[in-house]
2 protein chains.
Amino acid sequence: MNIKDVAERSGLPAKTIRYYEEIGLIRPLRGANGYRAFRESDLHKLAFIGRARGLGFTIEECRRLLALYEDRARASADVKALAEAHLEEMERKIAELRAMQATLRDLVRGCAGDDRPDCPILTGLAGGCC
Amino acid sequence: MNIKDVAERSGLPAKTIRYYEEIGLIRPLRGANGYRAFRESDLHKLAFIGRARGLGFTIEECRRLLALYEDRARASADVKALAEAHLEEMERKIAELRAMQATLRDLVRGCAGDDRPDCPILTGLAGGCC
DNA sequence: ATAATCCTTCCAGTCACGGGAAGGTCAACC
DNA sequence: GGTTGACCTTCCCGTGACTGGAAGGATTAT
């Protein structure tokens, strides 16, 4: 398989696939013409990575997940720990966004939103002093 | 004022302040020795930017907010529109995180988390097929 | 033969900084 | 007046996870 087929079948851009090879996530073979020759197993890994990325795992987490995936002697506890850490990380991010939203919403609520210049959003950002 | 004082009073790292000058957010004066000479107005702007960044606005949004802040003929509607767009952007991000969390939580729930290798998280990532 | 579509590598840019090197300046102290 | 230490400056590289584009080689179709 050439890169374009793998791109279509994995849903990942060819550029991304090359990048994943560059950082050692996959190691496709090479044909005599220098083209990457992907096996089904490469495609499989790419789809795996694509789904993990889609769940927000970082590349390094994907690397660890892939290693666990390929380790038949793994303990599911290790996978679960990784996943739960990621869930917590997402929870943290959501909380942060919620806090920012709450603050900004308070400012927005007080803003007339007309053609006059007075704006509590700006005065709020300026420190509320002037 | 030298950069360290401004850093302390604005809560921003000196590195960040230099960066903000580089991208044209602030334009401090320069002393004969080449040192940046910050006015109170620079400090004020930096604090403004710091708060805006703290609410998740991008640098370009901060630039627009600053411009509105300094435009006495602004319409508060413009500020409000910017803020509301940002609120929506955050809402989108939260929804995305929530969706990822929900999917991952489903996978985690099925995982024994013991020393056996069987793991629905991994099979889920692998496409659920094998 | 030629044109279109692939493929390759390499370089540069994104965003918002942070780390660290090399070197100039200033204030205090002895 | 010399020296230390704390400042300041610019410059370049690195981050994460790609994306865009240029330059050039290979393959396929007509």
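Proteins get letters first, then strands, A, B, ... in listed order; numbering begins at 1 in each.
Put simply, the side chain of B:Arg72 never gets that close to the backbone of A:Pro117: no donor and acceptor are under 3.5 Å apart. Listed for the A:Arg98 side chain is no donor-acceptor partner under 3.5 Å among the backbone atoms of B:Ile94.
Of the charged side-chain nitrogens involved, none lies within less than 4.0 Å of a carboxylate oxygen, so that A:Glu21 and A:Arg18 do not count as a salt-bridged pair. A salt bridge links A:Arg39 with A:Asp42: the closest approach of a Lys/Arg side-chain nitrogen to an acidic carboxylate oxygen falls below 4.0 angstrom.
Under 4.0 angstrom from either OP1 or OP2 of C:dC15 there lies no side-chain N or O belonging to B:Tyr19. Taking only side-chain nitrogens and oxygens, B:Thr16 comes nearer than 4.0 Å to OP1 or OP2 of C:dG18. Here B:Arg63 does not reach the OP1 or OP2 of C:dC15: none of its side-chain N or O atoms lies under 4.0 Å away. Under 4.0 angstrom from either OP1 or OP2 of C:dC7 there lies no side-chain N or O belonging to A:Arg30. Applying the 4.0 Å criterion to OP1 and OP2 of C:dG18, one finds that B:Arg18 has every side-chain N and O outside that range. Between B:Tyr20 and the phosphate of C:dA16, there is no side-chain N or O to OP1/OP2 separation shorter than 4.0 Å.
When rounded to the nearest whole Å, the span between CD of A:Glu8 and C1' of C:dC7 equals 15 Å. The CD atom of A:Glu21 sits 14 Å away from the P atom of C:dC7 (whole-angstrom rounding).
When the nucleotides D:dC18, C:dG19, D:dT9 are ranked by their closest atom to the side chain of B:Arg36, D:dT9 comes out on top. Residue A:Lys15 places its side chain closer to D:dG21 than to any other of C:dG18, C:dC6, D:dG21.
The environment of A:Arg27 atom CZ is sparse: at most 12 non-hydrogen atoms of other residues, nucleotides or ligands sit within 6.0 angstrom. Counting heavy-atom neighbours within 6.0 Å of B:Arg116 CZ, excluding the residue itself, gives a total of 12 or less.
In this structure, B:Ala32 and A:Ile3 both approach DNA chain C, and ranking their closest nucleotides by distance from the 5' end singles out A:Ile3. Positionally, the nearest nucleotide of DNA chain D for B:Lys4 lies more toward the 5' end than for the other of A:Arg53 and B:Lys4.
Note on the helix from C:dA1-D:dT30 to C:dC30-D:dG1: terminal axis deviation equals 30°, with five pairs used at each end and the result rounded to 10°.
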Distances under 3.5 Å between protein N/O atoms and the N/O atoms of nucleotides 24-28 of chain D, please, pair by pair.
from	atom 1	to	atom 2	distance (Å)
D:dG25	N2	A:Tyr35	OH	3.1
D:dA26	O4'	A:Tyr35	OH	3.3
D:dT27	OP1	A:Asn33	ND2	3.3

